[in-house]
Enquirer: 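Okay, here's the structure, questions in a sec.
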Amino acid sequence: MEEKVLKLLEEIRPEFDFSTSSNFVEDGFLDSFDIVTMIDSIEREFDIIVDGLEVIPENFETVSSICNLICNNGGK
């Protein structure tokens, strides 16, 4: 799952090396528009619906936090 998430991130913002960041939001790698785009990509890739209450910056800080978001919404 982590590899798929990393690939989605790289498709959205190819200019950043996500492996060098410990917080994608604080480091400016992802903004609010990128998060919306990421949600769309996650929903399609993992065939899930992300609960709107979980669309908070904390769920998009790292690959691990994004994977947890996916798992919490039924993704595998």
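Values in this document were obtained by computation on a predicted structure and should not be read as measured data. Counting begins at 1 with the first residue of the sequence.
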Enquirer: Does CG in D47 sit with more than 12 non-hydrogen atoms of other residues, nucleotides or ligands closer than 6.0 Å?
Expert: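 Counting other residues, nucleotides and ligands, CG of D47 stays at 12 neighbours or fewer.
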Enquirer: Could you check whether any side-chain heavy atom of D34 comes within less than 4.5 Å of a side-chain heavy atom of F16, counting everything from C-beta outward?
Expert: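 No - every pair of side-chain heavy atoms lies 4.5 Å or more apart.
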Enquirer: I'd like to check K4 versus K7 (side-chain heavy atoms, cut-off strictly below 4.5 Å). Are they in contact?
Expert: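 Heavy-atom side-chain distance check fails, nothing below 4.5 Å.
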Enquirer: Looking only at heavy atoms, what is the nearest atom pair of V25 and P57, with distance?
Expert: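 The pair with the smallest heavy-atom distance is CG2-O, 3.8 Å.
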Enquirer: Between N72 (side chain only) and N68 (backbone N and O only), is there a donor and an acceptor less than 3.5 Å apart?
Expert: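 Side chain of N72 to backbone of N68, a donor-acceptor pair under 3.5 Å: yes, one is there.
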Enquirer: Angle class for the F18/F24 ring planes (parallel below 30°, perpendicular above 60°, tilted otherwise)?
Expert: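 Plane angle over 60°, so perpendicular.
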Enquirer: Any chain of hydrophobic side-chain contacts (each under 4.5 Å) joining M1 to I39?
Expert: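 Yes, M1 and I39 fall within the same hydrophobic cluster.
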Enquirer: Search all heavy atoms of D27 against all heavy atoms of S22 and return the closest pair with its distance.
Expert: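 Smallest heavy-atom distance, with atoms named: OD2-N, 3.8 Å.
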Enquirer: Ignoring hydrogens, what is the shortest heavy-atom contact between D31 and R13? Give both atom names and the distance.
Expert: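 For D31 and R13, the tightest heavy-atom pair comes out as OD2-NH1, 4.2 Å.
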Enquirer: To the nearest 0.5 Å, what is the distance between CD on E2 and CD1 on I70?
Expert: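 The CD1 atom of I70 is 10.0 Å from CD of E2, to the nearest 0.5 Å.
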Enquirer: Do L6 and I12 sit in the same hydrophobic cluster, where Ile, Leu, Val, Met, Phe, Trp and Tyr count as joined when their side-chain heavy atoms come under 4.5 Å apart?
Expert: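 Yes, L6 connects to I12 through the hydrophobic network.
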Enquirer: Would you say that L9 contacts L30 through its side chain, given a criterion of any heavy-atom pair below 4.5 Å between the two side chains?
Expert: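 L9 vs L30: side chains touch.
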Enquirer: At their closest point, which heavy atom of C67 faces which heavy atom of V5, and how far apart are they?
Expert: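 So the minimum-distance heavy-atom pair works out to SG-CG2, 3.9 Å.
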Enquirer: Distance-only, no hydrogens or angles: does the D51 side chain make a donor-acceptor pair with backbone N or O of L53 under 3.5 Å?
Expert: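 Answer holds: yes.
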Enquirer: Please report the interatomic distance CD(E61) to CD1(I66), rounded to the nearest 0.5 Å.
Expert: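 Nearest 0.5 Å value for the CD-CD1 distance: 9.5 Å.
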Enquirer: May I ask you to check whether over 12 heavy atoms, not counting those of E11, lie within 6.0 Å of atom CD?
Expert: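 More than 12 heavy atoms, drawn from other residues, nucleotides or ligands, come within 6.0 Å of this atom.
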Enquirer: Quick one: pull up CD1 in I42 and CE in M38 and give me the separation to the nearest 0.5 Å.
Expert: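 One finds 4.0 Å between CD1 of I42 and CE of M38.
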